[in-house]
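Reckoned from all heavy atoms, side chains included, excluding hydrogens, waters and symmetry mates.
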Amino acid sequence: MLIQTVVIEFVDDLLLATRILCPLILFYLAYKCGKRVKEAGSVSAMSGFTIYMIGIAFFQFGTLLYSNYTLLDSFFIPDIQQFPVIMSDFLSIYNISNYVYSSGMVCFVVFTEINLTRLKQVKYPFHLKYFISIISISIQSALVVLRLLDIIRKGLFFIGQTIPMLVISWLYLSKFNRLITVRRKKLVWIFFTGMVIGGLSNFLQGFDDNWAYFLNAVIVLVGAFMQAWSWGLIPSLAELNWLLGLKRLIIIKNGSAIPLFEQDFNVAKEPLPAGLTGAAFGSVTQLLKEAIESNEHVNVIDHGDITIYFSTQETFTAILITSSKYAEYSYRLNKFAFEFGLRYGNILKDWNGNTDIFDDSTKFITEIFK
């Protein structure tokens, strides 16, 4: 009997410890996301996501008080309670946390849509700007009024904001689907899976049981980690233009113009102009060198809607094909060429013709062209 009692007490303590840690961990995740707000902008998808994470954390904190520390959850203010207009929602931290959570969802929608609009990354029906934000705010306002009239339950707040959140998240994340790094890591689907998991877990609270609250906390943490991790790896929209402009990276051996390595960045694999092979690039650089009577290698060729960047090293030349023109391309290409030279420079001096040895280059391509 003693052993059984000890085990039960241990399990209860473990459940409670997990639930106490849940809001703390969520607040920490929100803090980590908030550190990226400075680079993304105060009014950006990242700041909206940070507010959304704070809302989840506060909701879990309110749930903890409601289920385990009832005396701390309620505001005992007799004078206020005498006013019938003040509902019980505003006399409980847990009830207030429902409003904070749903308001965080609205902020996520609004900030993300503002971010998309400013960078002209979204088209609106009926030429109405901030269409989804208007819907989200309207839904929230209507639900709050209905709640104040005691017609609906608070749980409808989250259900009502689900569709605007899913729509704006898809509009935002779909912009990055052409990036091979995003596609390979399945960041978009990880984010949506985490969002669905976290959302559905809230229904467990309806069972009003310690195990239900424990499972809710664990599942919310899993969903939040999935969302925060994937969202944190996705670049900001400000970087999207140059990232989507990446087409192909080619490394050729100097003197022979033999292609050593190629990397396609474009998932759609749009066809490049005919003749853009290693040998063709070698002849182009040689031709232009002679034309301008220079001892320097060509750095950039503007070829209509395609721009070609060169980084010439001792034994090889790195070539980057893009659909736009940014100084960022030269910087990234030179950085890659430096890393490639450190790893394979000595090998190329006595190279035996085996190109398989360069396959590991994809590891630092992801790090440099991210």
Side-chain angles (χ1 to χ4, degrees), residues 22-61 100-122 129-130 132-133 136-137 161 164-165 168-179 181-182 185 187-188 190-192 194-195 198 220-221 223-246 324-336 364 366-370:
C22 179
L24 295 177
I25 294 173
L26 289 170
F27 276 121
Y28 177 73
L29 289 177
Y31 164 75
K32 294 292 287 184
C33 293
K35 292 179 71 174
R36 289 194 60 194
V37 169
K38 187 175 181 180
E39 63 181 76
S42 56
V43 182
S44 62
M46 181 55 71
S47 56
F49 181 76
T50 302
I51 296 172
Y52 165 64
M53 290 294 294
I54 292 173
I56 297 176
F58 190 70
F59 178 69
Q60 288 298 315
F61 174 69
V100 174
Y101 186 6
S102 59
S103 297
M105 297 170 77
V106 175
C107 288
F108 174 79
V109 172
V110 173
F111 280 44
T112 301
E113 189 167 29
I114 290 174
N115 201 174
L116 285 166
T117 303
R118 285 180 173 177
L119 295 174
K120 299 179 181 179
Q121 293 287 342
V122 63
K129 272 191 174 184
Y130 309 115
I132 301 171
S133 297
S136 179
I137 294 171
Q161 291 301 330
M165 272 201 70
I168 200 65
S169 298
W170 176 253
L171 285 176
Y172 183 85
L173 295 173
S174 63
K175 304 298 177 184
F176 300 91
N177 268 345
R178 289 179 59 196
L179 297 181
T181 52
V182 172
K185 294 181 179 178
L187 297 180
V188 175
I190 290 174
F191 176 83
F192 279 110
M195 180 181 289
V220 164
L221 282 176
F225 269 115
M226 293 174 71
Q227 292 178 77
W229 179 78
S230 55
W231 197 269
L233 289 180
I234 291 173
S236 67
L237 277 177
E239 301 176 73
L240 183 61
N241 288 335
W242 79 264
L243 283 170
L244 288 182
L246 293 171
S324 50
K325 225 175 182 180
Y326 287 101
E328 187 74 20
Y329 293 137
S330 291
Y331 168 77
R332 303 273 175 169
L333 181 62
N334 287 329
K335 186 176 181 181
F336 171 80
F364 53 93
T366 304
E367 296 174 3
I368 294 173
F369 294 98
K370 66 178 180 179

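The shortest distance between side-chain heavy atoms of Phe59 and Val100 does not fall below 4.5 Å. Residues Ile54 and Leu26 are not in side-chain contact: their nearest non-hydrogen atoms beyond the backbone lie 4.5 Å or more apart.
Between the side chains of Glu113 and Tyr172, not a single donor N or O lies within less than 3.5 Å of an accepting N or O.
Without hydrogens or angle criteria, Gln161 side chain to Val106 main chain gives no donor-acceptor distance under 3.5 Å. Side chain of Ser47 to backbone of Ser44: a donor-acceptor contact under 3.5 angstrom is found. Judged by distance alone, with hydrogens and angles left aside, the side-chain atoms of Ser136 form no donor-acceptor pair with the main-chain N or O of Ile132 at under 3.5 Å. Between the side chain of Arg36 and the backbone N or O of Gly232 there is at least one donor-acceptor pair closer than 3.5 Å. The backbone N or O of Ser330 sits less than 3.5 Å from a side-chain atom of Asn334, completing a donor-acceptor pair.
Scanning all heavy atoms of the two residues, the minimum distance from Ala57 to Pro23 falls at O-CB, 3.6 Å. Thr50 and Ala30 make their closest contact through CG2-O, 3.4 Å (heavy atoms, listed as atom of the first residue, atom of the second, distance). Considering every non-hydrogen atom in both Ser169 and Phe191, the closest pair reads OG-CE2, 3.7 Å. Counting all heavy atoms, side chain and backbone alike, Cys107 lies closest to Ile51 at CB-CG2, 3.8 Å.
Counting non-hydrogen atoms of other residues, nucleotides and ligands closer than 6.0 Å to CZ of Phe58 gives a total above 12.
A parallel orientation is assigned to the rings of Trp231 and Phe49, their planes being inclined by less than 30° (bins at 30° and 60°).
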